[in-house]
Amino acid sequence: MTDLLSGLNPPQREAVVHGDGPLLVLAGAGSGKTRVLTHRVAHLISERSVPPSAILAITFTNKAAGEMRDRLEQLLGGLARAVWAGTFHSTCARILRTHAERVGYSRNFTILDQDDQTRLVRSCLNEAGYDPKAHPPRAVLSAISDAKNRLQSPEQVAAETGSFEDEVVAAIYQRYADRLRASEAVDFDDLLMLAVTLLENDDEVRAGYQGMLQHVLVDEYQDTNHAQYRLVRVLGEPQRNVFVVGDDDQGIYSWRGADVRNILDFERDYPESATIALEQNYRSTGNILAAANAVVENNHDRHPKRLWTDRGDGDPITVLACRDEHEEARAVASEAERRVSEGDSLDGLAVFYRTNAQSRVIEDQLVRRGLPYQVIGGPRFYERAEIRDLMAWLRSAVNPADELSLARLIGAPRRGLGPACLERLRGVAAQSGVPIADVLLMPEHHVGLNTRQRDGLAATGRGLAEIAEANRNGTPLDQIIELALEVSGLTTALAKETGIEAEGRLENLQEVARVSLETGERPDAESPLAGFLEDVALESDGDKVRDGVGQVTLMTIHNAKGLEYPAVMLTGLEEGLFPHSRSETIEALQEERRLCYVGLTRARERLVLSHAESRALHGGRDFRLPSRFLGEIPAECLDAPRPRRSAPRAVTAPPAVTAAPDFTTGDAVVHATFGDGIVTAVEQGGDLVRVRFRQDGAERRLMAGAAPMRKTGE
DNA sequence: ATTCAACGCTTTTTT
DNA sequence: AGCGTTGAAT
């Protein structure tokens with residue numbers, strides 16, 4: 001394959017043909033890292049005769065893995081199919097299913113999602129006699145998750161408690177882990193932790209994988225956590241052909257345990273490693289890059305680098321000052337309409353925001369104007385209550401030990417069965433040593449229950465048995481799901497309800513059977529249903545981005561990682577929203593800034609930044625100041641300020657700080673965020689002022705029209 | 001024992 | 001605005 005290297009620049013080429021040993025590729029945004037990864041794999045196979053099955057490529061989403069496989073197939077043909085490409089979680093799930101018995105699990109273990117996890121933590125808190133109000137389940141869960149990411153067992157956590165809260169966490173962690181075990185269930189963090197534990201402690205299993213794998217490649221390395229790091233390390237031995245690609249400026253998951261130091265420390269951990277930096281950007285115009293560079297340069301603790309392009313400046317960036325979120329939404333819709341009228345596809349337009357809640361008003365406007373769109377993330381299809389009900393039946397049929405699913409399906413559909421019934425079942429099961437699913441089928445044990453409840457339980461047991469039998473005898477997946485819908489009584493119950501909502505929910509349920517046929521083959525799954533359940537559990541929002549369908553794409557910036565669009569609108573650039581008010585520490589603020597950097601660098605040609613002066617939030621309405629990130633963008637990258645107002649400003653103007661547009665050098669000013677300062681220079685004909693602030697002594701360039709700043713009287 | 005309606009509270013990002 | 005809890009009705 002001679003063309004494997006053509007079209008690559010020298011550092012890209014160097015990375016692709018790198019010999020043995022570890023390599024760190026510091027790949028700036030838009031520098032062609034996906035291409036480098038793919039071509040590296042192709043190079044290994046076609047030029048270095050590495051067997052495809054000896055290569056493991058870990059990507060951030062399943063979609064990225066699929067795209068890599070497609071691309072490899074174009075380069076190499078069917079040979080490429082044997083490359084093992086997946087996400088960290090799917091890779092670990094596959095390892096664990098293969099060796100389940102070695103970690104003391106059934107091969108049919110259930111993978112819990114966040115909602116299941118929170119419920120279970122809540123239940124553990126209640127069981128242990130702690131008040132969920134004093135110890136928010138989400139916070140406790142997050143602490144447990146942190147511990148698992150550090151690969152700490154409940155015992156280890158218990159040994160290191162330093163406060164009462166730590167002790168609560170340790171106690172709940174222990175209880176939570178026990179409940180998971182009893183239910184043959186694992187959470188997302190267990191997938192990583194159990195796989196690492198297995199590989200590190202089981203010589204035979206480890207030897208198997210280490211003997212099979214010659215090369216490990218990891219994308220988005222900056223967002224790996226400690227457990228993921230350990231997985232890569234153990235799988236990379238003994239050859240240490242570990243090829244990691246990342247960008248410390250794009251680390252946006254530290255709150256999830258990702259450790260940017262993994263990338264900064266790579267050279268220390270692999271002293272023999274080489275480093276290659278990719279700084280030429282092939283994606284964005286000069287103005288967009290200049291803005292992104294300028295913003296991220298306000299961060300410390302980064303590998304110094306500066307993206308460059310030979311594409312020219314391109315159009316200036318547009319900043320829209322909107323009155324409120326509705327006007328911002330109208331601006332989004334107008335941008336979409338403008339695109340259509342200019343003959344461009346809506347596929348090329350993406351709208352980003354910091355929080356999922358922001359999508360609603362934007363959706364309203366797009367619907368109103370008949371503009372097609374897709375929302376990535378937010379409440380997911382599989383997280384709807386009725387779908388979760390159905391999934392509980394399916395999961396229980398595959399994994400009879402799954403008590404969480406059992407608890408859910410007992411009450412769905414509503415038929416006079418509730419928590420009390422479940423408690424009784426658990427009691428009987430514990431006494432007799434019979435699995436709960438079997439107790440369901442034995443009405444003689446249903447003492448103390450009324451006829452209706454007894455009948456209900458027996459019917460539930462029969463239904464589950466029927467689904468399980470269908471799964472066992474190879475009934476097609478969609479028919480199993482249809483069967484589950486029927487024997488569970490879910491459709492019957494919904495059909496009785498009136499109203500448009502029930503209709504929608506009924507349609508959603510039917511949709512599951514239809515969608516189930518679209519999932520790919522899973523040769524490692526025990527049954528198509530088991531494979532489907534795992535797909536659903538490990539599916540990420542990013543996997544659902546569809547392109548080529550003529551729709552505007554709406555998503556959080558977190559979901560935008562790794563994507564690019566000709567036109568990007570970054571909305572809600574307001575203090576308190578972006579950067580988010582919960583990001584108070586320096587570290588958190590720097591991560592917000594990296595997030596901003598990620599958002600800006602998704603744009604190829606057109607970039608629109610918007611902020612609203614007031615925004616409705618949790619019921620009330622707040623006045624909002626423009627984000628400091630806007631102030632960090634050099635004015636020469638920006639369009640002339642273009643306030644977007646559909647009503648006279650006086651009517652709705654915030655009573656807060658009002659900008660005085662005519663600053664002169666030497667003026668004493670006060671800024672909403674930075675406090676007191678002195679104007680040191682006026683640039684761009686008065687649009688931009690330089691101000692040195694007393695608070696930190698730093699000089700900042702601010703937009704005179706947009707900055708939340710006014711002159712102070714002497 | 002279950003279900004439903006009203007109330008009050010908390011609000012980031014996600015594999 | 002959405003969720004979990006609480007209290008009353010069935």
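For the numbers below, each heavy atom of this structure counts, side chains included, while hydrogens, waters and symmetry mates do not. Residue numbering restarts at 1 for every chain, and letters A, B, ... go by the order of the sequence lines.
The phosphate of B/dT12 (OP1 or OP2) has a side-chain N or O of A/R582 nearer than 4.0 angstrom. Close to B/dT14, at under 4.0 Å from its OP1 or OP2, lies a side-chain N or O of A/N356. Residue A/S583 places no side-chain N or O under 4.0 Å from the OP1 or OP2 atom of B/dT12.
Partners of A/S405 by side-chain contact (heavy atoms from CB on, under 4.5 Å), not counting sequence neighbours, listed by chain and number: A/A392, A/R395, A/S396, A/D402. With sequence neighbours excluded, the residues satisfying side-chain contact (heavy atoms from CB on, under 4.5 Å) with A/R302 are A/D248, A/D249, A/V296, A/E297, A/N299, A/K305. For A/Y253, the ring-ring contact (aromatic ring centres under 6.0 Å, His included) partners two or more places apart in sequence, or in a different chain, are A/F60, A/W255, A/H558. Looking at residues two or more places apart in sequence or on another chain, you find no side-chain contact (heavy atoms from CB on, under 4.5 Å) involving A/R360. Partners of A/V375 under the side-chain contact (heavy atoms from CB on, under 4.5 Å) rule, at least two apart in sequence or in another chain, are A/Y353, A/S359, A/E363, A/Y373, A/L554. For A/R138, there are no salt bridge (charged side-chain N to carboxylate O under 4.0 Å, His left out) partners, not counting sequence neighbours. Looking at residues two or more places apart in sequence or on another chain, you find a ring-ring contact (aromatic ring centres under 6.0 Å, His included) between A/F578 and A/F629.
Checking C/dA1, B/dT12, B/dT14 against the side-chain heavy atoms of A/R360 singles out C/dA1 as nearest.
Atom CZ of A/F578 is separated from atom P of B/dT11 by 21 Å (rounded to the nearest Å). Remark: P of B/dT15 and CG of A/L231 are 18 Å apart, rounded to the nearest angstrom. As a whole-Å value, the separation of A/R119 CZ from C/dC3 C1' is 11 Å. Atom P of nucleotide C/dA1 and atom CD of A/E325 are separated by 11 Å, given to the nearest angstrom. Atoms CG (A/L112) and P (B/dT15) sit 16 Å apart, rounded to a whole Å. For the pair A/R138 CZ and B/dC9 P, the interatomic distance rounds to 20 Å; values are reported in whole Å. Between A/Y597 atom OH and B/dT13 atom P the separation is 24 Å, expressed in whole Å. Distance, A/K561 NZ to B/dT14 C1': 11 Å, rounded to whole Å.
Between A/Q114 and A/G411, the one whose closest nucleotide on DNA chain B sits nearer the 5' end is A/G411.
For residues 187-198 of chain A, proximity to DNA chain B is found at A/F188, defined as any non-hydrogen atom under 4.0 angstrom from a strand atom.
Aromatic ring orientation, A/F352 versus A/Y565: perpendicular (interplanar angle above 60°, classes split at 30° and 60°).
Under a cutoff of 6.0 Å and an axis angle of 45°, A/R408 and A/W393 do not form a cation-pi pair.
In this pair, A/W255 lays its aromatic ring flat on the base of B/dT13, centres within 5.5 Å and planes under 30 degrees apart. Residue side chain A/H558 fails the stacking definition with respect to B/dT13, as its ring centre and the base's six-membered ring centre are not both under 5.5 angstrom apart and under 30 degrees in plane angle.
Taking 3.5 Å as the limit, the base of B/dT12 and the side chain of A/H580 contain no donor-acceptor pair of atoms between them.
Within the nucleic acid shown, A/F88 has no heavy atom closer than 4.0 Å to any nucleic acid atom.
Nucleotides C/dG4 and B/dT13 have their P atoms positioned 16 Å apart, rounded to a whole Å.
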Strictly under 3.5 Å: I want the nitrogen or oxygen pairs between protein and nucleotides 5-10 of chain C, one per line.
unit_1: C/dT5; atom_1: OP1; unit_2: A/R122; atom_2: NH1; d: 2.9

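Of the residues A/E575, A/E328, A/E327, the one that meets the salt bridge (Lys or Arg N to Asp or Glu O under 4.0 Å) test with A/R615 is A/E328.
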